[in-house]
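Heads up, the thing below is written out as structure tokens.
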Amino acid sequence: MVGSLYNHTVASPATFVLVGIPGLQSSYLWLAVSLSAMYSVALLGNTLIITVICMDSMLQEPMYCFLCVLAAVDIVMASSVGPKMVSVFCSGDSSLSFSACFTQMYFVHAATAVETGLLLAMAFDRYVAICQPLHYKRILTPPVMLGMSVAITIRAVVSMTPLSWMLSHLPFCGSNVVPHSYCEHMAVAKLACADPMPSSLYSLICSSIIVGADVTFIAASYVLILRAVFGLSSTNAQRKALSTCGSHMGVMCLFYLPGMASIYIAWLGQDTVPLHMQVLLADLYLVIPPTLNPIIYGIRTKEIRERTQRLLTCFVFDLGRQGS
């Protein structure tokens with residue numbers, strides 16, 4: 001019985017068909033243009049962040065290294081869904097092979113799991129920098145940073161691999177039409193001919209544990225940070241610390257609020273929230289943070305802003321000199 005439930009070699013469809021956003025077909029052109037613009041900004045902005053940090057030896061501190069990795073993860077997250085969504089909205093190319101569908105799903109889940117771990121690492125970095133400044137270089141050494149990055153990646157792989165395996169090994173013998181813009185877990189799970197509850201429940205519990213633990217530690221870090229900041233005698237130091245923390249907290253709100261809303265609405269509010277709103281929220285959750293993260297850090301982080309302006313000025317100057 002169990003073997004039949006987890007045997008997809010015969011029953012699985014060759015392809016899945018993505019609907020896009022049910023009920024908003026008349027807005028597909030506008031959605032394609034908007035998503036293309038957001039994806040382009042995400043790609044260019046995060047690539048610029050990585051380039052600036054890697055090229056400038058003055059930006060080799062732990063905070064910037066974590067930010068560099070975050071930018072790379074944002075590129076993976078946006079690239080996992082962005083091009084296909086634009087294709088669905090623009091040209092109607094909505095087919096996706098069985099293996100490509102679950103590969104996309106895996107990268108989406110793994111990237112989000114890595115990103116929440118990086119946000120926790122960045123919060124810890126700010127805690128050490130503000131609350132333990134004299135021990136900063138002793139605590140956040142290169143081996144420690146490497147260990148944190150490896151641990152974050154291993155956690156994502158270990159937690160997300162069973163989810164993709166459980167769902168991909170269910171039989172899909174009925175409809176292959178996914179009422180979504182990408183291979184979203186819940187939307188694909190509902191197409192299975194067997195009970196998808198184990199994988200769906202695993203997804204909910206695993207996401208809640210990972211995000212719940214990370215948010216708890218992040219909140220505790222920032223409580224200690226704010227207490228230390230308001231205890232500083234220098235107003236300028238307070239302003240600088242709050243400015244840096246403010247950009248981090250903005251990025252975290254962009255990531256956590258839409259993400260958790262999307263997960264719990266899919267479970268608890270699917271009968272009260274219109275389907276097109278659920279799909280649109282899930283789409284924006286994967287596109288908006290990678291788009292706005294480099295803008296927020298580029299504007300609010302003085303060092304990155306200055307180095308980016310310098311790099312772009314040199315690039316424009318070189319182009320002008322070559323043209324003349």
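Positions are given from 1 along the sequence.
- For the pair H185 and S199, the minimum side-chain heavy-atom distance is below 4.5 Å.
- Note on ring orientation: taking the six-membered ring where Trp is involved, the planes of F255 and Y285 are tilted (angle from 30° to 60°).
- Inter-residue side-chain proximity for V41 and I295 is flagged as met; some heavy-atom pair is nearer than 4.5 Å.
- Rounded to the nearest 0.5 angstrom, I296 CD1 and I304 CD1 are separated by 12.0 Å.
- A side-chain N or O of S79 and one of Y39 form a donor-acceptor pair less than 3.5 Å apart.
- Screening V150, I152, V157 for a side chain to side chain contact (heavy atoms under 4.5 Å, CB included) with I154, the sole residue that qualifies is V150.
- To the nearest 0.5 Å, the span separating CG on L163 from CE on M105 amounts to 7.5 Å.
- Between F217 and F124, the ring centre distance reaches or exceeds 6.0 Å.
- The closest side-chain donor-acceptor pair between Y106 and S168, if any, does not fall under 3.5 angstrom.
- Looking at D214 and Y256, their side chains never bring a donor and an acceptor atom within 3.5 Å of each other.
- Each of L48, I49, V52 was compared with R307 under the side chain to side chain contact (heavy atoms under 4.5 Å, CB included) criterion, and only V52 meets it.
- Between F98 and F102, the gap from one ring centroid to the other is short of 6.0 Å.
- Checked by atom type and distance alone, the side chain of K190 never pairs as donor or acceptor with a backbone atom of P179 at under 3.5 Å.
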Residues C183, C101; criterion disulfide (SG to SG under 2.5 Å); working and verdict: CA-CA 6 Å; C183 284; C101 179; 2.0 Å; yes

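- The closest side-chain heavy-atom distance from Y222 to Y127 is not below 4.5 Å.
- A distance-only check finds no donor-acceptor pair linking the side chain of E184 to the backbone of H180 [under 3.5 Å].
- Sorted by first and then second residue, the side-chain hydrogen bond (donor to acceptor under 3.5 Å, both in side chains) pairs involving residues 137-151 (not counting sequence neighbours) are H135-R138.
- Between the CE atom in M85 and the OG atom in S80 there is a gap of 10.0 Å [rounded to 0.5 Å].
- Residue F107 is found in a hydrophobic cluster whose other members, listed by chain and number, are V76; membership requires side-chain heavy atoms under 4.5 Å apart, directly or through intermediates.
- Disulfide criterion (SG-SG under 2.5 Å) for C173 and C193: met.
- With contacts defined as side-chain heavy-atom distances shorter than 4.5 Å, the pair S181/I21 qualifies.
- Within the 4.5 Å cutoff, side-chain heavy atoms of Y136 are placed close to those of D125.
- For the pair I75/T47, a side-chain contact is recorded, criterion being any heavy-atom separation below 4.5 Å from C-beta on.
- Using a distance-only test at 3.5 Å, with no hydrogens or angles considered, no donor-acceptor pair links the side chain of S87 to the main chain of P83.
- Qualifying side chain to side chain contact (heavy atoms under 4.5 Å, CB included) partners for A113, counting only residues two or more places apart in sequence or in other chains: A156, M160.
- Here CE of M63 is found 4.5 Å from CZ of R126. Values are rounded to the nearest 0.5 Å.
- Put simply, the side chain of N176 does not reach to within 4.5 Å of the side chain of L191, judged on heavy atoms.
- Note that the CG atom of L120 and the CZ atom of F66 stand 9.5 Å from one another [nearest 0.5 Å].
- Interatomic distance, L292 CG to D74 CG, rounded to the nearest 0.5 Å: 10.0 Å.
- A heavy-atom distance below 4.5 Å is not found between the side chains of L96 and Y182.
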